[in-house]
Amino acid sequence: MSGGDPTGRQHPDEAGPALDMLPEDWSRALAVVAHPDDLEYGASAAVARWTAMGKDVRYVLATRGEAGIDSMAPERTGPLRSAEQVEAAAAVGVSVVEFLDHPDGMVVNGIGLRRDLAAAIRRHRPEVIIGSNYRDRWGETGPWNHVDHRELGRALPDAVRDAANRWLFTDAGKPWSGVSWIAYASSPAATHGVDVTDHLDEGVDSLRRHRVYIESLGDPDFDPDTFLRGSCAAVGEMLGVRFAVAFELIPV
């Protein structure tokens, strides 16, 4: 990867797009999120772009989302949502999907989670990590973010450092210090964007694969195509393209 600070605008006083282009000078990424469907509300369209470019992208999920459907018992929901996630990943060219089996709704930023994340980072040896919004809210005035998103997202930078430290979690694989940054999708403090104009259809397809979960939300008017086109068009205006996905990039 090229040097320099990937988080700052080169010429912040000059007119231009509100977001910088997310760096793409890498070959391997690991997407780490809490639940099935977390990646499909935009980020998966970027994943489709990257796999089409020949990049190796893999998924690790902390839970199986087993507590996510009120009308269905967890023992049924977990396998169903896991299968939907595998299908959603395949729709954007991802064949490796792992589940860490932490309890849905009770993910804790602690030693156990850090160990599992560090082990996954050592196992997959990514250059960059893709996460999801770890901040308290969705937007500046939006609803409170899910506790699993907050706990997992805040554990990721520590897990990256843990993975690089040979004296920590010595039974969890060989150290890996190759991660340069984490890019959090759906963050209210976005710094970068990815042009997904040519890959939005794959992103929509990936979201549609969560059919049972989406139906369980009880909103008959929700349409994945309408939702993603609207949100990606808004980010596209900030990036100067037709459709885009936003990320908050944090170096580690």
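Quick caveat, the model's predicted, so the values are computed rather than measured. Any value given below was found using the heavy atoms of this structure, including those in side chains, with hydrogens, waters and symmetry copies removed.
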Are the side chain of [X] and the backbone N or O of [Y] linked by a donor-acceptor pair below 3.5 Å?
X      : Y      : result
Asp104 : Glu66  : yes
Thr63  : Ala34  : yes
Asn145 : Trp138 : no
Glu140 : Pro188 : no
Arg28  : Arg125 : yes
Gln85  : Asp37  : yes
Tyr184 : Gly153 : yes
Thr51  : Val92  : yes
Glu151 : Asn109 : yes
Ser231 : Leu228 : yes

Is there side-chain contact between [X] and [Y], with at least one heavy-atom pair below 4.5 Å?
X      : Y      : value
Asp225 : Arg229 : yes
Arg64  : Pro79  : no
Pro126 : Ile121 : yes
Ile182 : Tyr134 : no
Ser216 : Asp70  : no
Ser180 : Glu127 : no
Trp181 : Leu22  : yes
Leu200 : Arg49  : no

- Item | side chain to side chain contact (heavy atoms under 4.5 Å, CB included) assessment of Val96 paired with His124 | CA-CA 10 Å; Val96 177; His124 297 289; 3.9 Å; yes
Quick one: pull up [atom1] in [X] and [atom2] in [Y] and give me the separation to the nearest 0.5 Å.
X      : Y      : atom1 : atom2 : answer
Leu113 : His102 : CG    : NE2   : 5.0 Å
Arg161 : Arg114 : CZ    : CZ    : 10.5 Å
Asn133 : Leu152 : CG    : CG    : 11.5 Å
His199 : Ser44  : NE2   : OG    : 12.0 Å
Leu207 : Leu39  : CG    : CG    : 11.5 Å
Asp221 : Thr226 : CG    : OG1   : 10.0 Å

- Message: Any salt bridge linking Arg209 with Glu40? Criterion: basic side-chain nitrogen under 4.0 Å from a carboxylate oxygen.
- Response: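 So Arg209 does not pair with Glu40 through a salt bridge.
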- Item | Audit row: Ile129, Val160, side chain to side chain contact (heavy atoms under 4.5 Å, CB included) steps and yes/no | CA-CA 9 Å; Ile129 289 179; Val160 169; 3.6 Å; yes
- Task: Could you check Glu98 against Arg123 for salt bridge (Lys or Arg N to Asp or Glu O under 4.0 Å), going step by step and ending with a plain yes or no?
- Result: CA-CA 11 Å; Glu98 294 183 355; Arg123 188 162 56 249; 2.8 Å; yes
- Test side chain to side chain contact (heavy atoms under 4.5 Å, CB included) on Val194 and Glu24 and set out the steps. CA-CA 9 Å; Val194 176; Glu24 293 182 324; 4.0 Å; yes
If two hydrophobic side chains count as joined below 4.5 Å and joins carry through other members, does [X] share a cluster with [Y]?
X      : Y      : value
Tyr41  : Phe243 : yes
Phe99  : Val57  : yes
Val108 : Leu156 : no
Val86  : Tyr213 : yes
Ile111 : Val107 : no

Looking at [X] and [Y], what are the two nearest heavy atoms and their distance?
X      : Y      : answer
Thr77  : Gly65  : CG2-O, 3.5 Å
Ala91  : Asp205 : CB-OD2, 3.7 Å
Ala45  : Val245 : CB-CG2, 4.4 Å
Ala118 : Asp162 : CB-CB, 4.0 Å
Ile214 : Pro224 : CD1-CG, 4.2 Å
Cys232 : Val196 : SG-CG2, 4.4 Å

Return the orientation label for the [X] and [Y] ring planes: parallel under 30°, perpendicular over 60°, tilted otherwise.
X      : Y      : answer
Trp26  : Trp50  : perpendicular
Phe227 : Phe222 : tilted
His146 : His35  : perpendicular

- Item | salt bridge (Lys or Arg N to Asp or Glu O under 4.0 Å) between Arg154 and Asp136, intermediate numbers included | CA-CA 11 Å; Arg154 288 167 177 162; Asp136 288 341; 2.8 Å; yes
- Task: Answer yes or no: does atom CZ of Arg137 have more than 12 heavy-atom neighbours from other residues, nucleotides or ligands under 6.0 Å?
- Result: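 More than 12 heavy atoms, drawn from other residues, nucleotides or ligands, come within 6.0 Å of this atom.
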- Message: Counting neighbours of CH2 on Trp167 that are heavy atoms of other residues, nucleotides or ligands and sit closer than 6.0 Å, is the number greater than 12?
- Response: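 Counting neighbours around CH2 of Trp167, 12 or fewer heavy atoms of other residues, nucleotides or ligands fall under 6.0 Å, so no.
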- Query: Passes side chain to side chain contact (heavy atoms under 4.5 Å, CB included), Thr191 versus Asp20? Steps please.
  - Reply: CA-CA 7 Å; Thr191 57; Asp20 286 327; over 6 Å; no
